[in-house]
Protein chains: 2
Amino acid sequence: MTEPSARPTRAQQRRQSEERILTAARRIFAELGYDRTTIRAVASAAGVDAGLVMHYFGSKDLLFARSTEVPADELPGGTSDEVAEALLRSLGRRLADEPTASLAVLRSTLTNADAADRYRAAGAPQLNQLTEAIPTPDADLRASLLSAIVHGVIAERYLLRLTNLADASPEQIIDLLRPCFQSLATPPPTP
Amino acid sequence: MTEPSARPTRAQQRRQSEERILTAARRIFAELGYDRTTIRAVASAAGVDAGLVMHYFGSKDLLFARSTEVPADELPGGTSDEVAEALLRSLGRRLADEPTASLAVLRSTLTNADAADRYRAAGAPQLNQLTEAIPTPDADLRASLLSAIVHGVIAERYLLRLTNLADASPEQIIDLLRPCFQSLATPPPTP
DNA sequence: GCCGTCGGTCAACGGCCGTAGAATGACCAC
DNA sequence: GTGGTCATTCTACGGCCGTTGACCGACGGC
């Protein structure tokens, strides 16, 4: 009698609603940024009442925090060349999918101080890994520049929508960027 | 008798007030972005009433547009190497001064569609110049990537405030970026 | 010297937003 | 079956914001 799709249990229903709200929130935060996004709009997009969003997530800030939790993209260690290549692949991946979640973070990071803090914290491990793989005294600066390039390309493609960048294929982009990344990741040839 | 600083004429006073408002607006837009900036805050920072801001600029949008008018940084033509070097110098300059105006644009570009349009339009000539100097079929994409890197570095330094990047000297940054820029600006060596 | 012009202020309105809290009604443990 | 739990909604409040229009008072052309 208990058909699998018969009627969801209460817990299931709650999880379902939370998920719908989070999905809607991610989309709208990504489109509009933190400030222009309203709880009412998120609730309406999720087909629920604004009060429910408050009930589940406590506040707009907390909803935003939950919406923009990003599982850090693991970067395997290795030589500087390998890490550069891994970073390129990671960029390629982020250019290939529709980066809704990533966009919400990026867009809001630039207007919301808390978001910036969380983003910095979330990116720190990856940045450290990068730093450790680069065998120069200025490794930390080099790693930061690599990170800046990655973010710059993503921002320019999806936020500014520079047409050349928005239309190019991920492969083309990472191929052009490869020498760039290598020059930053590997020490200058000292003959 | 007409001491130069005796009493400003009416036109002078108006220009002075407009300038104070614009200066305050640029600073606050840069700090807070478009949405979080209120006309009242700008007016208060400029020592005038909010109504006056409306009176002079018509609306918040128009005030923003006037605040973020940026004289395009002229990029001299030349060989791809020369243009790459010129772009590096331009970046160095933007890293050296406190880039209030530039920041207001950048920060707001990422949340305000109109600002993005204007920014794209304002950057187009520079981008074209860059494209024409690069002697490859994919020159436009290369130029866009260069632009993305410039913006990425500025954003990461001033918006995200990645400490490594925020503390580094402009010279150090552009030295590290030089091979990067060259690899994008010049065609791959085809032996 | 008079009066229109104009820089500047003030108070107010309508709207939207985040948030709180009461109300409702279906589910589930006992 | 009964009572409580819980998902969900409804209504409302207080605040801030962009914008308006009336108002004031000093300047400057005539």
Side-chain angles (χ1 to χ4, degrees), chain A residues 1-25 28-29 31-67 108 111-115, chain B residues 1-25 28-29 31-67 108 111-115:
Chain A
M1 254 305 181
T2 56
E3 302 172 30
S5 66
R7 197 191 290 163
T9 164
R10 204 126 78 154
Q12 283 175 332
Q13 220 162 34
R14 160 142 194 174
R15 278 176 54 91
Q16 228 173 67
S17 294
E18 277 195 5
E19 209 43 62
R20 277 215 320 279
I21 293 171
L22 277 178
T23 303
I28 301 183
F29 276 129
E31 274 174 21
L32 268 31
Y34 180 85
D35 292 306
R36 290 170 123 81
T37 297
T38 70
I39 289 192
R40 284 169 163 88
V42 170
S44 158
V48 300
D49 185 88
L52 194 64
V53 177
M54 292 297 298
H55 191 45
Y56 283 169
F57 297 92
S59 76
K60 182 180 177 180
D61 272 311
L62 290 174
L63 171 65
F64 178 73
R66 288 282 306 277
S67 305
S108 306
T111 53
N112 185 295
D114 290 348
Chain B
M1 255 310 176
T2 54
E3 302 172 31
S5 65
R7 195 191 291 162
T9 164
R10 202 126 78 156
Q12 283 174 331
Q13 220 161 35
R14 157 138 196 178
R15 278 177 54 91
Q16 231 173 65
S17 295
E18 278 195 4
E19 210 43 62
R20 277 216 320 279
I21 293 171
L22 277 178
T23 303
I28 302 184
F29 277 130
E31 274 173 22
L32 267 33
Y34 180 85
D35 291 305
R36 289 170 126 78
T37 297
T38 71
I39 289 192
R40 284 168 163 89
V42 170
S44 158
V48 300
D49 185 89
L52 195 65
V53 177
M54 292 299 297
H55 192 43
Y56 284 169
F57 296 93
S59 75
K60 182 180 178 182
D61 272 310
L62 291 173
L63 170 66
F64 178 73
R66 288 283 305 278
S67 305
S108 306
T111 53
N112 184 295
D114 290 349

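Every chain is numbered from 1 and lettered A, B, ... according to where its sequence line falls, protein lines coming before strand lines.
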*Compare side-chain N and O positions of B:Ser17 against OP1 and OP2 of C:dG8 and report whether any pair is under 4.0 Å apart.*
yes
*Does any non-hydrogen side-chain atom of A:Phe64 lie less than 4.5 Å from one of A:Thr37?*
no
*Check whether any side-chain nitrogen or oxygen of B:Tyr56 sits under 4.0 Å from OP1 or OP2 of C:dC6, and answer yes or no.*
no
*Look at the side-chain N and O atoms of B:Thr9 and state whether any lies under 4.0 Å from the OP1 or OP2 oxygen of D:dG28.*
yes
*Grab the two heavy atoms, one from B:Ile28 and one from B:Ala41, that are nearest each other, plus how far apart they are.*
CD1-O, 3.8 Å
*asked:* Base contacts versus sugar-phosphate-only contacts with protein, heavy atoms under 4.0 Å: please encode nucleotides 10-21 of chain C as B, S and - from 5' to 3'.
replied: B-B----BBBS-
*asked:* Using every non-hydrogen atom in the two residues, find where B:Ala50 and B:Arg40 come nearest and quote the distance to one decimal.
replied: CB-CG, 4.1 Å
*asked:* Between P on C:dG8 and CZ on B:Phe57, what's the gap in Å once rounded to a whole number?
replied: 11 Å
_Spacing between A:Gln13 atom CD and C:dC28 atom P, to the nearest angstrom_ = 9 Å
*Nearest-Å distance, CZ (B:Arg14) to P (C:dT9)?*
13 Å
_Can you measure A:His55 atom NE2 to C:dG25 atom P for me and round it to whole angstrom units?_
17 Å
*Compare every heavy atom of B:Val53 with every heavy atom of B:Val48, then report the nearest pair and how far apart it is.*
CG2-CG2, 4.3 Å
_Within 45 degrees of the ring normal and closer than 6.0 Å to the centroid, is that where the cationic atom of A:Arg14 sits relative to A:Tyr56?_
yes
*Distance-only donor-acceptor check, side chains A:Tyr34 and B:Asp35, under 3.5 Å*: no
